[in-house]
Colleague: 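One structure follows; several queries about it will come next.
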Amino acid sequence: MTDPVRVRFAPSPTGRLHIGGARTALFNWAFARANDGAFILRVEDTDSERNSEDSLHSILASMRWLGLDWDEGPEAGGAAGPYFQSERRDSYQAGIERGLAEGWLYRCFATSDEIQALRDAHREQKAHGCWASPSRDLDPATAERRAADGESCVLRFRVPLGEEILVRDHIRGEVRFRSDEVEDWVAVRSNGMPTYNFCCALDDDAMRISHVIRGEEHLVNTPKQILLAQAMSLRVPDFAHVPLILGEDGKKLSKRTGDTALGDYIDKGYPPEAMFNFLALLGFSIDDKTTVFNREELLAHFDLKRISKGGALFDTAKLHFLCAEYIRHTEPAELAQRLQPWLDQAGLQPPSMDSEQAGSDSASTSRKPWLETLANAFRERLGLYSELPDKAAFLFSDHVEIDDKAQKALDAEGAQDLLLRLAEALEQEPLFPPADWSAWIKNQAAIMEVGMGKLMKPMRAALSGTLGGPELADILVLLGRDRVLQRLRGASVRS
RNA sequence: GGCCCCAUCGUCUAGUCAGGCCUAGGACACCAGGUUUUCAUCCUGGCGACGGGGGUUCGAAUCCCCCUGGGGUCACCA
C-alpha cells in the first residue's frame, strides 16, 4: 500500500456523460484528491463504430462543470500517455503476440451467430459452466494458416478450467468466481482492435493504476481482467465496485424514468454544487447527520469504506431540495452572475438601476446593483436558475399578466381608490422608495384607515400581477419609481 | 435460467467489521402548528424502518444458515 494512489475514470466517447458515470468519476476524483493521488482520465475508444468527437467534448465539459479536474488525460497530457486507447495499439500488440505464442489467446473462427447458438443452447439447459468455442482446440498451426488465408477470426482468451478467481473489493470484500463460469471472451476483434477487457487490464498496469473504482456492472468483468493480468504477470489493482444508481421506479436508471445525462441537468439550470453534493450522497455518507456539504468537506471525509453496498434510487425531490438550498445560500453578487445567462437566454434585458447617474459607467456596470437586488429578491424563491425568467417576467415587460387572485384583489371594494392615493403619497416622497418602507407603508395604512392587507394585496397585484413573490420593497426598487407609479395608476384605470 | 451483488422509515442514509451505549439517529418528502405585510425562507412538532424463519448468545439491526425480495451480468459495448 506504499504505491502512490493513481485512479482513473475511463469513459467511452459514445454519448453524453451519464449520471452514473458522473458519480463514478466523482468518487474517483474524491479518492485521488483525498489521498494525494492522481486522477487520470482515459478515453476508452476501442469501438471505432460508435466513437464521436462530440461525445468526448460533451463528457469533458460535463466533468468540468461538476468541478472534476483531472491530472492526466486529454488536454492535460501526462507521462503515462497516450490517454486514448485508440492511440495505444502498439502497446497492445506485444501482448497479443505473446498471448498467441503462449497459447492463452486462440483464434476463433466461429461466426457471431454460431456462438450465439451455443450460448442459447447452454442457457436452455439451465446448466452451470460455459459453452466452448469449436475453435478452442484447433491446432495452432492450422489456425494460423486459415488466418493467413484471409479467414476472418477473433482472438479469444483461453480461460483455464477449475480455478478460483478471488476479487478483493474495498466495498464488497472478497468475491469469488469459478473460472468455469467465465467464458472465453473476445480479446481482439476481427478488425484487429483489442476489446475493453484486454485494453483495460494492460492500461491499468501501464498507467500504474492503484485502485479501480467503477460501477458494479463491471464486477463480472473483473475475473476476466484478473485472469489476463495473471497470464501476463501484470499487477492487479485494488478494486472498488460502487453500487448502481437506480431510477425512481427502482430499475436501472434509464431515459424512461427521467434525464440520465448530466448535460440535461446543466441545460435545465441546476447549480453544479447541488448536483455534486447530490451525486456524492448517492451511495456515500459523511456521517449520521451531514446532508449538505461542499467538496472540501467531502474530501476531508472521503473513504471507500463509507460507500454503501446497495443500489440507490435517484431521488429528484432530494435533488431539488439541494438546488434550492444552494441557491438561497449563494451570495447575491455571485448569484447574479449565475443568473445572468438565463436572463440573456430568455432575452430579458436588465434596466440600469440609476440611469440618470450612469454617465460614464458602462451599461453592465450600472446594471450590476440591479441584478444583485434581483438575485437577492428571488434567492429564497428559486429551485433552479432557469426558473427566474418566468418568475421575474413582470419586471421586464410592460404588460403585466394578472392572475385570478390578483384580479380579485384589484376588484375588491375601494382597492382602486387606495392605489390612487398610494401613488399620490409615493409621488410626494423625496426618496424612492421611502427610506423606511416598512414604517412608511404602515403609516399609510393608518392614514387611510385600512388594514395592511387591504393595502398590500392590491398593490402587489397591480405591480406584479400576482399575490406571491418577492418583498414589496424589493419590487419597488426593481421596478423603479416611474413604473411603480404608472402601474399603480394604470391598475385603477383598467377596470 | 446460470453466475454475481445487495437487503434499516416512501427515498438517501447512520448504526453492522470490533453484539449491549438503539424503547434505532439524521436528511428529503408528507402532515400539523408558529414567525412573516404576500409567496418563500425560518422555527417547532408529528407520521414513519431493522423483509421472513431458524440458530449462536445472558443479550442480535449487528454473527451464522435458509427462504423471500430487489438488482447486475450473460456483445467482435464499455
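No hydrogens, no waters, no symmetry mates; every other heavy atom, side chains included, goes into these values. Predicted model only: the values in this text are computed from it and were never measured. In the text below, chain A, chain B and the rest are named by the order of the sequence lines, each starting its count at 1.
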Colleague: Can you check whether A/Ser112 has a side-chain N or O nearer than 4.0 Å to OP1 or OP2 of B/rC76?
Modeller: no
Colleague: How many angstroms lie between atom CD1 of A/Ile40 and atom CZ of A/Arg8, to the nearest 0.5 angstrom?
Modeller: 9.5 Å
Colleague: Is the phosphate of B/rC39 approached by A/Lys405 (side-chain N or O, under 4.0 Å from OP1 or OP2)?
Modeller: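 It does not, given that no N or O in the side chain of A/Lys405 lies less than 4.0 Å from OP1 or OP2 of B/rC39.
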Colleague: Ignoring hydrogens and angles, does a donor from either the side chain of A/Arg381 or the base of B/rC39 sit under 3.5 Å from an acceptor on the other?
Modeller: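 Under the 3.5 Å cut-off, the side chain and the base do form a donor-acceptor pair.
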Colleague: Students often get this wrong, so: under 4.0 angstrom with heavy atoms, is A/Phe177 touching a base, only sugar-phosphate, or nothing?
Modeller: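 Since only primed, P, OP1 and OP2 atoms lie under 4.0 Å of A/Phe177, the category is sugar-phosphate.
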Colleague: Does the plane of the ring in A/Trp29 sit parallel, tilted or perpendicular to the ring in A/Phe276? Use 30° and 60° as the thresholds.
Modeller: perpendicular
Colleague: How far does the P atom of B/rG33 sit from the matching atom of B/rU23, given to the nearest Å?
Modeller: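 About 33 Å, rounded to a whole number of Å.
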Colleague: So, under a plain 3.5 Å distance rule, would you say the side chain of A/Asn221 forms a donor-acceptor pair with the base of B/rA78?
Modeller: yes
Colleague: Only pairs with both distances under 3.5 Å count, Watson-Crick or wobble alike; so what is the partner of B/rU35 in this structure?
Modeller: none
Colleague: Rounded to the Å, how far apart are A/Arg379 CZ and B/rC42 P?
Modeller: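 It works out to 11 Å between those atoms.
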Colleague: Under 4.0 Å, heavy atoms only, any strand: does A/Gly453 hit a base, just the sugar-phosphate, or nothing?
Modeller: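 The answer is nothing, as A/Gly453 stays clear of every strand by at least 4.0 Å.
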Colleague: Expressed in whole Å, how much space separates the C1' atoms belonging to B/rC12 and B/rG54?
Modeller: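 Those two atoms are separated by 32 Å.
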Colleague: Using atom P of each nucleotide, how far apart are B/rG46 and B/rC39 to the nearest Å?
Modeller: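 One P to the other, the span is 25 Å.
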Colleague: Contact class for A/Gly283 (heavy atom, under 4.0 Å): base, sugar-phosphate, or nothing?
Modeller: sugar-phosphate
Colleague: May I have the distance from A/Phe284 (atom CZ) to B/rU13 (atom P), rounded to whole angstrom?
Modeller: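 Going from CZ in A/Phe284 over to P in B/rU13 covers 11 Å.
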Colleague: Heavy atoms under 4.0 Å, any strand shown: does A/Val154 hit a base, just sugar-phosphate, or nothing?
Modeller: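 The residue A/Val154 makes base contact.
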Colleague: Between B/rA29, B/rA78, B/rG72, spot the one nearest the side chain of A/Lys252, thanks.
Modeller: B/rG72
Colleague: With rounding to whole Å, what would you report as the distance between B/rU36 and B/rG20 at their C1' atoms?
Modeller: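 Those two atoms are separated by 48 Å.
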Colleague: Please state how far atom CG in A/Leu281 lies from atom P in B/rA29, giving the value in whole angstrom units.
Modeller: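 Rounding to the nearest Å, CG of A/Leu281 and P of B/rA29 are 13 Å apart.
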Colleague: Indicate, with a heavy-atom threshold strictly under 4.0 Å, whether A/Glu49 touches base, sugar-phosphate, or nothing.
Modeller: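 The residue A/Glu49 makes no contact with any strand.
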Colleague: Contact list please: residues 113-123 of chain A against RNA chain B, heavy atoms, distance less than 4.0 Å, in numerical order.
Modeller: A/Gln116, A/Arg119, A/Arg123
Colleague: Please give the distance between the P atoms of B/rC43 and B/rU35 as a whole number of Å.
Modeller: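 It works out to 16 Å between them.
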Colleague: Tell which nucleotide pairs with B/rU23, taking only Watson-Crick or G-U wobble pairs whose two distances are both under 3.5 angstrom.
Modeller: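 For B/rU23, the partner nucleotide comes out as none, under the 3.5 Å rule.
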Colleague: Does B/rA49 have a Watson-Crick or wobble partner in any strand here, with both distances under 3.5 angstrom, and which is it?
Modeller: none
Colleague: Output the distance between atom CD (A/Gln85) and atom CD (A/Glu44), rounded to the nearest 0.5 Å.
Modeller: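 Between A/Gln85 CD and A/Glu44 CD, I get 4.0 Å after rounding to 0.5 Å.
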Colleague: Could you tell me whether A/Pro243 contacts a base, only the sugar-phosphate backbone, or nothing, with contacts defined as non-hydrogen atoms closer than 4.0 Å?
Modeller: nothing
Colleague: Could you tell me how far apart A/Lys305 (NZ) and B/rU16 (C1') are, to the nearest whole angstrom?
Modeller: 15 Å
Colleague: More 5' along RNA chain B: A/Ile171 or A/Trp437, using each one's nearest nucleotide?
Modeller: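 Final value for this comparison: A/Ile171.
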Colleague: Let me spell it out: for each of A/Lys442 and A/Arg328, pick the nucleotide of RNA chain B with the closest heavy atom. Which residue's pick is nearer the 5' end?
Modeller: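 Of the two residues, A/Lys442 wins.
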Colleague: With a 4.0 Å limit, can you tell me whether A/Arg214 has a side-chain N or O closer than that to the phosphate oxygens OP1/OP2 of B/rA78?
Modeller: no
Colleague: Considering every strand and a 4.0 Å limit on heavy-atom distances, what is the contact class for A/Lys457: base, sugar-phosphate, or nothing?
Modeller: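 Nothing: the residue A/Lys457, judged by heavy atoms under 4.0 Å, touches no strand.
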Colleague: Please list, chain by chain and in numerical order, all residues satisfying side-chain contact (heavy atoms from CB on, under 4.5 Å) with A/Ala261, sequence neighbours excluded.
Modeller: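 Partners of A/Ala261 under the side-chain contact (heavy atoms from CB on, under 4.5 Å) test: A/Arg16, A/Asp264.
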Colleague: Tell me: CG of A/Leu298 to P of B/rC12, nearest whole Å?
Modeller: 19 Å
Colleague: Looking for any heavy atom pair under 4.0 Å, which part of the strands does A/Lys289 touch: base, sugar-phosphate only, or nothing?
Modeller: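 Sugar-phosphate, backbone atoms only, no base.
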Colleague: Just the rounded figure in Å: distance from P of B/rC3 to CZ of A/Arg172.
Modeller: 19 Å
Colleague: Charged N to carboxylate O under 4.0 angstrom, A/Arg189 versus A/Glu49?
Modeller: no
Colleague: Tell which nucleotide pairs with B/rG1, taking only Watson-Crick or G-U wobble pairs whose two distances are both under 3.5 angstrom.
Modeller: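 Matched B/rG1 with B/rC74 under the 3.5 Å cut-off.
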Colleague: Are any of the side-chain heavy atoms of A/Gln230 and A/Ile165 separated by less than 4.5 Å?
Modeller: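 When only atoms from C-beta onward are counted, A/Ile165 and A/Gln230 do not touch, as no gap falls below 4.5 Å.
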Colleague: Taking the inter-plane angle between the rings of A/Tyr265 and A/Phe314 on a 0 to 90° scale, is it parallel (under 30°), tilted (30 to 60°) or perpendicular (over 60°)?
Modeller: tilted
Colleague: Give me the distance, rounded to whole Å, that separates B/rC47 from B/rC30 when you measure between the C1' atoms they each carry.
Modeller: 8 Å
Colleague: Report yes if at least one side-chain N or O of A/Arg306 is closer than 4.0 Å to OP1 or OP2 of B/rC12; otherwise report no.
Modeller: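 Result: no.
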Colleague: Taking only the C1' atom of each, what is the distance from B/rU62 to B/rG1 in whole angstrom?
Modeller: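 Going atom to atom, C1' in each nucleotide, I get 34 Å.
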Colleague: Using whole Å, report how far CG of A/Asp474 lies from C1' of B/rA40.
Modeller: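 Going from CG in A/Asp474 over to C1' in B/rA40 covers 12 Å.
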Colleague: Does the side chain of A/Ser285 get closer than 4.0 angstrom to OP1 or OP2 of B/rA14 through an N or O atom?
Modeller: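 Yes, such a contact exists.
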Colleague: Within the structure shown, what part of the strands sits under 4.0 Å from A/Leu467 by heavy-atom distance: base, sugar-phosphate, or nothing?
Modeller: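 Answer is base: heavy atoms of A/Leu467 come under 4.0 Å of a base.
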Colleague: Sequence neighbours left out, what passes side-chain contact (heavy atoms from CB on, under 4.5 Å) with A/His218? Give chain and number order.
Modeller: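 Once residues adjacent in sequence are excluded, the partners of A/His218 under the side-chain contact (heavy atoms from CB on, under 4.5 Å) criterion are A/Tyr196, A/Arg214, A/Asn221, A/His241.
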Colleague: Closest heavy-atom contact between A/Pro470 and A/Phe378?
Modeller: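 So the two residues come closest at CG-CZ, 3.5 Å.
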Colleague: Can we call the ring centroids of A/Phe27 and A/Phe302 under 6.0 Å apart?
Modeller: yes
Colleague: If we take the P atom in both B/rA61 and B/rU8, what is their distance in whole Å?
Modeller: 15 Å
Colleague: So what does A/Val175 hit on the nucleic acid, given a heavy-atom distance under 4.0 Å: a base, only sugar-phosphate, or nothing?
Modeller: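 Since only primed, P, OP1 and OP2 atoms lie under 4.0 Å of A/Val175, the category is sugar-phosphate.
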Colleague: Tell me whether the OP1 or OP2 atom of B/rC5 has a side-chain N or O from A/His241 closer than 4.0 Å.
Modeller: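 Answer is no, no contact under 4.0 Å.
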Colleague: Measure distances between side-chain N and O atoms of A/Lys318 and base N and O atoms of B/rA29, and say whether any donor-acceptor pair falls under 3.5 Å.
Modeller: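 It does not, because no donor-acceptor pair links the side chain of A/Lys318 to the base of B/rA29 below 3.5 Å.
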Colleague: Looking at A/Arg460 and B/rU38, is any side-chain donor or acceptor paired with a base atom of the opposite kind under 3.5 Å?
Modeller: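 Side chain to base: pair found, below 3.5 Å.
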Colleague: Rounded to the nearest angstrom, tell me the gap between atom CG in A/Leu463 and atom C1' in B/rC39.
Modeller: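 Distance check: A/Leu463 CG to B/rC39 C1' gives 15 Å.
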Colleague: Do A/Ser12 side-chain and B/rC77 base share a donor-acceptor contact under 3.5 Å?
Modeller: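 Not at all, since no donor on one side and acceptor on the other fall under 3.5 Å apart.
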Colleague: Starting the side chain at C-beta, find the nucleotide from B/rG2, B/rG72, B/rC5 nearest to A/Glu181.
Modeller: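 The answer is B/rG2, which lies nearest to the side chain.
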Colleague: Over all strands shown, is A/Ser308 touching base, sugar-phosphate only, or nothing at heavy-atom distances under 4.0 angstrom?
Modeller: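 Sugar-phosphate, no base atom in range.
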Colleague: How many angstroms lie between CD1 in A/Ile213 and NE2 in A/His170, if you round to the nearest 0.5 Å?
Modeller: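 Reported value, rounded in 0.5 Å steps: 8.5 Å.
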Colleague: Between A/Glu151 and A/Arg107, does a salt bridge (charged side-chain N to carboxylate O under 4.0 Å, His left out) hold up when you go through it step by step?
Modeller: CA-CA 10 Å; A/Glu151 193 173 344; A/Arg107 296 189 186 277; over 6 Å; no
